[in-house]
Amino acid sequence: VIQLDKMSSFEVAVSIMGAFIATLCASFFSYSILEIDGATLILASTGASAMLVFGLPQSPASQPWNLVGGHLVSAFVGVSCHFLLSNEVLASSLAIPLAMLAMHGLRCMHPPGGATAVTCIVGGPAVYE
């Protein structure tokens with residue numbers, strides 16, 4: 001069980017700064033360098049990951065394999081659903097449970113991966129290509 005009241009004021013401050021810096025970097029790369037139209041969708045998933053990683057660093061979902069593996073698996077599932085299913089609603093509806101199944105199988109459960117899977121479908125060509 002994660003005990004949130006065990007975080008010191010210093011740890012809370014560091015976690016808040018970490019979340020700010022990570023989100024700032026993700027925003028910069030999404031908007032400036034990649035010039036992705038669906039950047040706001042990508043940032044939703046990134047924001048959820050930042051909340052987990054910096055706000056609950058001891059959580060199993062915040063560990064490196066879960067963070068990286070969860071997003072990669074979910075992106076693969078989302079892009080696959082986009083290309084295999086012509087109906088965007090059906091593809092989006094299947095992407096999350098299929099990503100969840102894959103993350104369970106690979107032991108890399110990271111809940112923001114669900115947003116990553118859907119973003120790969122609704123984010124437009126700049127995302128799924």
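Everything numeric in this text was worked out from a predicted model, so none of it was measured. In this chain, residues are counted from 1 in sequence order.
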Study note, to complete from the structure: Between the CZ atom in Phe76 and the OG1 atom in Thr116, the distance rounded to the nearest 0.5 Å is 15.0 Å
Point to revise | Side-chain touch Ser45/His71, heavy atoms, less than 4.5 angstrom | key: yes
Review point. Any idea which heavy atoms bring Phe54 and Ser15 closest together, and the distance?
Key: O-CB, 2.8 Å
Review point. What distance separates Met109 CE from Leu67 CG, expressed to the nearest 0.5 Å?
Key: 14.0 Å
Check your understanding: Looking at Asn66 and Ala61, what are the two nearest heavy atoms and their distance?
Key -> CB-O, 3.7 Å
Check your understanding: In terms of hydrophobic clusters joined by side-chain contacts under 4.5 Å, are Ile121 and Leu94 together?
Key -> no
Point to revise | Exercise: identify the closest heavy-atom pair between Val77 and Ala102 | key: CG2-CB, 4.4 Å
**Study point:** Val53 reachable from Ile21 in the ILVMFWY side-chain graph, under 4.5 Å edges
**Key:** no
**Study point:** His110 and Ser49, any side-chain heavy atoms less than 4.5 Å apart
**Key:** yes
Check your understanding: Closest approach of Cys81 and Ala91, non-hydrogen atoms and distance?
Key -> O-CB, 3.7 Å
Review point. Just wondering, more than 12 heavy atoms not from Phe83 lying within 6.0 Å of its CZ?
Key: yes
Practice item. Give the cluster check for Leu98 versus Leu90: same hydrophobic cluster or not, with ILVMFWY residues linked at side-chain heavy-atom distances below 4.5 Å. Key: yes
Check your understanding: Taking all atoms of both residues into account, what is the closest heavy-atom pair of Gly113 and Ser74, and its distance?
Key -> O-CB, 3.0 Å
Review point. Do you reckon Met103 sits in the same ILVMFWY cluster as Leu72, going by side-chain contacts under 4.5 Å, direct or chained?
Key: no
Check your understanding: Under 3.5 Å, side chain of Thr23 to main-chain N/O of Gly47, donor-acceptor pair present?
Key -> no
